[in-house]
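In this chain, numbering begins with 1 at the start of the sequence shown. As the structure is a prediction and not an experimental result, all values here were calculated from the model.
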Amino acid sequence: MKEHLYRWRNKQLREHTAVVDGEMAPTLVLKNATYLNVYLKKWLSGHIWIYEDRIVYVGDQFPGHTSKQTEVVDCSGQYLVPGYIEAHAHPFQLYNPHSLAEYASKRGTTTLVNDNLMLLLLLNKKKAFSLLDDMQNLPVSMFWWARFDSQSELRDEEGFLDDDTVVEWLEHEAVIQGGELTNWPEILTEDDRSLYWMQEAKRMRKVVEGHFPGASEKTLTKMKLLGTDGDHESISAEEVYSRVKLGYYAGLRYSSIRPDLPKMLEALKEYEGDFYNYLFFTTDGSTPSFYEQGVIDRCIDIALEAGVPLEEAYAMATINAAHYFSLGDRLGSIAPGRVAHINFLEAKDQPTPVKVLAKGEWINFEGYAFKNRNPDIKWENYGLGNLSIDWELRADDLLFSSPLGMDMLNDVIMKPYPVKSESQKQKLPTTHDIAYVMLVDRDGNWRISSFLKGFTTEIGGLVSSYSNTGDIVLVGKDKRDMSMAFERMKELGGAIVVVKDGEVIFELPLPLQGVMTDLQMDELMVKEKELKQLLIGNGYQFSDPIYTLLFLSSTHLPYIRITPKGLMDVKKKEILFPSVMR
């Protein structure tokens with residue numbers, strides 16, 4: 001197994017220095033390279049020697065010793081930059097960690113720092129850590145973070161996260177940060193358990209990431225005192241500036257639900273000071289088709305279009321994030337000792353690479369393929385097989401009597417509204433945009449139902465095993481269609497299924513525990529766009545229904561949520577109507 005994530009063995013280190021001394025041959029030489037030195041913020045020329053997965057020399061000298069196994073590539077006419085870093089990935093948005101990494105790396109993003117939420121929900125620690133370790137065999141660098149809360153209201157929160165679980169995750173060498181702190185209001189008041197985990201992360205010299213949209217200066221100051229290092233939730237240039245001023249690193253987001261990076265960068269021009277070194281990019285777990293534009297390469301494009309100095313834009317995508325995670329000695333630059341993640345550009349201002357080197361391997365050049373493609377991954381070995389549901393949806397489950405419903409203000413924010421009538425009808429009329437909604441335990445133990453306004457005027461039934469808690473979401477206007485969609489989802493072993501007038505009109509199988517597909521990203525993008533257009537054509541009023549399904553139960557967003565504990569007032573942290581046992 002390649003060990004660059006954790007350490008190189010002594011034998012390997014001796015080999016690296018032997019290459020520099022001419023006693024051993026490099027495995028790859030990039031000659032006549034024009035490359036970006038992110039420390040000097042200058043473009044330099046020279047030769048780059050690589051041994052296996054590590055850069056061992058950068059300078060004017062050509063190696064005195066090569067062998068038949070040494071590949072020599074003339075880089076004349078190209079511009080080389082470090083592989084890009086996605087500092088905040090959610091690798092479970094229908095895609096899976098492998099398919100996201102494969103797609104991103106072909107666009108030059110060769111390092112991903114990933115959310116561990118679904119691994120916590122779906123796998124035991126042994127299986128999860130086995131997956132983390134085996135992912136190091138991929139050409140990309142895969143890091144993770146350790147969550148401190150579920151981002152919802154689980155019925156067994158204590159069983160989901162305890163001291164042993166969190167500390168063991170933090171101790172894993174692939175885990176490089178704690179957070180993100182979606183539970184910061186509780187941490188500021190009474191949540192000493194999360195505060196302890198924050199201090200454990202700091203003791204291990206790992207960063208703690210915030211989640212502070214709209215936070216005041218006082219709140220940011222207090223969270224800095226408690227140990228937070230960075231935050232990717234700025235919603236304006238002013239918030240970016242205020243975070244850097246207080247010593248935070250600030251992640252600039254360009255995502256499917258927050259595509260406001262162009263405006264933010266434009267507004268940042270009004271602020272004086274040299275603060276680029278404390279900024280990095282993230283796409284924050286965008287839905288699949290959003291990535292047609294690119295990943296971090298698209299963020300660099302936007303920065304260049306906004307007038308960010310070219311060298312600073314590349315630094316924001318590389319060395320800045322590496323420094324934030326204290327990984328500058330391994331990643332983020334073309335320099336001796338770094339992992340051989342290198343992008344080859346046709347022009348300095350064209351950040352999407354024409355070829356990519358990751359861990360010293362070509363991954364999209366002259367037929368070279370990303371290794372261990374999805375069909376070769378034995379997901380079931382990690383406990384990620386088909387979702388098995390051995391219970392039936394009964395007629396009495398489809399009773400909707402809540403006096404409060406959820407009114408969608410946008411894709412993810414919902415306010416309460418009073419339900420006046422129609423609670424027991426078999427089918428709701430298509431003259432309005434109110435639908436039934438239910439969250440039901442994937443093990444069939446409990447359910448909570450309400451009404452959802454703004455999702456559809458026409459769809460009879462949509463059932464999704466993809467959700468923020470791993471439970472089953474049902475939405476629709478016709479109880480028969482909802483039941484039919486549920487049965488088809490069961491047959492598929494997890495899926496998103498849409499039924500209208502007694503006919504299945506869309507299905508996306510999610511064979512990895514009902515949460516993820518095993519499709520390649522290009523195939524998944526087609527299916528997601530099909531679903532999006534279908535729902536918009538049937539009354540969905542916004543732009544990202546996948547995030548609506550994901551965040552129906554997410555309590556880090558206002559104002560009302562349907563959670564495993566019941567219908568919840570997020571601001572007051574009160575359960576308005578509890579879930580019921582089936």
Side-chain angles (χ1 to χ4, degrees), residues 86 88-107 109-125 127-145 147 174-175 255-256 282-292 295-296 358 363 369-388 442 464-471 489 492-496 507-529 531 546-547 549-550:
E86 167 52 272
H88 187 91
H90 296 273
F92 309 103
Q93 312 296 49
L94 300 181
Y95 41 75
N96 62 68
H98 181 277
S99 59
L100 176 63
E102 179 179 21
Y103 180 82
S105 65
K106 292 176 180 178
R107 306 290 298 243
T109 300
T110 53
T111 299
L112 295 94
V113 183
N114 299 295
D115 184 5
N116 74 328
L117 177 60
M118 284 301 165
L119 301 185
L120 287 169
L121 288 168
L122 302 177
L123 305 181
N124 61 45
K125 281 181 289 189
K127 294 289 188 182
F129 290 170
S130 177
L131 179 61
L132 265 59
D133 291 338
D134 289 348
M135 284 253 161
Q136 304 323 311
N137 292 317
L138 298 178
V140 295
S141 295
M142 295 288 276
F143 296 92
W144 300 82
W145 72 74
R147 276 194 179 267
V175 175
S255 72
S256 52
T282 177
T283 59
D284 198 11
S286 294
T287 44
S289 60
F290 187 79
Y291 288 122
E292 283 186 319
V295 191
I296 299 301
I363 61 171
F370 191 91
K371 292 188 175 182
N372 299 324
R373 296 177 66 85
N374 281 327
D376 299 322
I377 291 184
K378 306 300 182 185
W379 292 106
E380 62 273 13
N381 291 345
Y382 308 104
L384 292 171
N386 285 343
L387 177 62
S388 177
R442 64 165 44 203
S464 173
S465 56
Y466 165 82
S467 71
N468 191 56
T469 59
D471 298 307
M489 181 274 298
L492 293 170
I496 297 175
E507 57 185 42
L508 172 62
L510 300 173
L512 306 185
Q513 279 297 298
V515 174
M516 296 167 282
T517 179
D518 57 2
L519 295 175
Q520 296 292 303
M521 282 288 283
D522 291 341
E523 300 172 280
L524 178 57
M525 288 174 184
V526 172
K527 291 294 291 183
E528 188 226 345
K529 286 191 291 186
L531 175 60
I546 298 301
Y547 255 104
L549 295 173
L550 178 68

Determine whether Leu508 and Tyr466 make a side-chain contact, defined as any pair of heavy atoms from C-beta on separated by less than 4.5 Å. no
Return the minimal non-hydrogen interatomic distance between Val140 and Ala101, and the atom names on each side. CG2-CB, 3.8 Å
Let me confirm one number: the CG-NZ distance from Leu524 to Lys529, rounded to the nearest 0.5 Å. 11.0 Å
Do Leu112 and Met135 have side-chain heavy atoms sitting under 4.5 Å apart? no
To the closest 0.5 Å, what do you measure between CG (Leu387) and CZ (Arg442)? 4.5 Å
Do Leu117 and Asn468 come within less than 4.5 Å of each other through their side chains, counting heavy atoms only? yes
For the backbone of Ile546 and the side chain of Thr287, can you confirm whether one donor and one acceptor N or O come within less than 3.5 Å of each other? no
Spacing of OG belonging to Ser286 relative to NE2 belonging to His90, to within rounding of 0.5 Å: 9.5 Å
Taking all heavy atoms of His98 and all of Asn96, pick out the closest pair and write down the distance. N-OD1, 2.9 Å
Where the side chain of Asp518 meets the backbone of Leu512, is there a donor-acceptor pair that is under 3.5 Å apart? no
Considering all heavy atoms of both residues, which atom of Tyr95 and which atom of Pro288 are nearest to each other, and what is their separation? CD2-CG, 3.8 Å
Within the 4.5 Å heavy-atom criterion, are Tyr103 and Thr109 side-chain neighbours or not? no
Take the angle between the ring planes of Phe92 and Trp144 and call it parallel below 30°, perpendicular above 60°, tilted in between. tilted
Please name the pair of heavy atoms, one in Ala495 and one in Pro509, separated by the smallest distance, quoted to 0.1 Å. CB-CA, 3.8 Å
Modelled atom types, side-chain donor and acceptor of Thr111 and Glu86, under 3.5 Å: no
Between Ser99 (side chain only) and Met521 (backbone N and O only), is there a donor and an acceptor less than 3.5 Å apart? no
Going by atom types alone, do Tyr291 and Thr283 pair a side-chain donor with an acceptor below 3.5 Å? yes
Any side-chain heavy atom of Pro91 within less than 4.5 Å of one from Asp115? yes
Could you walk me through whether Met516 and Leu510 pass the side chain to side chain contact (heavy atoms under 4.5 Å, CB included) test, one step at a time? CA-CA 5 Å; Met516 296 167 282; Leu510 300 173; 5.8 Å; no
Spell out, as yes or no, whether a donor-acceptor pair under 3.5 Å connects the side chain of Ser255 to the backbone of Asp284. no
Could you walk me through whether Leu119 and Leu131 satisfy the side chain to side chain contact (heavy atoms under 4.5 Å, CB included) test, starting with their C-alpha distance in whole Å, then the side-chain angles of each, then the deciding distance to 0.1 Å, before giving a yes or no? CA-CA 9 Å; Leu119 301 185; Leu131 179 61; 3.9 Å; yes
If we count only N and O atoms by modelled type, under 3.5 Å, do the side chains of Tyr547 and Gln93 hold a donor and an acceptor together? yes
For the residue pair Gly470 and Leu121, what are the closest heavy atoms and their distance? N-CD1, 4.4 Å
Evaluate the side chain to side chain contact (heavy atoms under 4.5 Å, CB included) criterion for residues Gln513 and Trp379: first the C-alpha distance (whole Å), next the side-chain angles of each, then the deciding distance (0.1 Å), finally the verdict. CA-CA 10 Å; Gln513 279 297 298; Trp379 292 106; over 6 Å; no
Can you check whether Leu132 reaches Val175 side chain to side chain, under 4.5 Å on heavy atoms? yes
Where do Ser465 and Met489 come nearest, in terms of heavy atoms and distance? CB-SD, 4.1 Å
Contacts of Asn124 that satisfy side chain to side chain contact (heavy atoms under 4.5 Å, CB included) - sequence neighbours left out: Lys126, Lys127
So do Lys106 and Glu102 actually touch side chain to side chain, heavy atoms under 4.5 Å? yes
What I'd like to find out is whether the side chain of Ile496 reaches to under 4.5 Å of the side chain of Leu94, using heavy atoms alone. yes
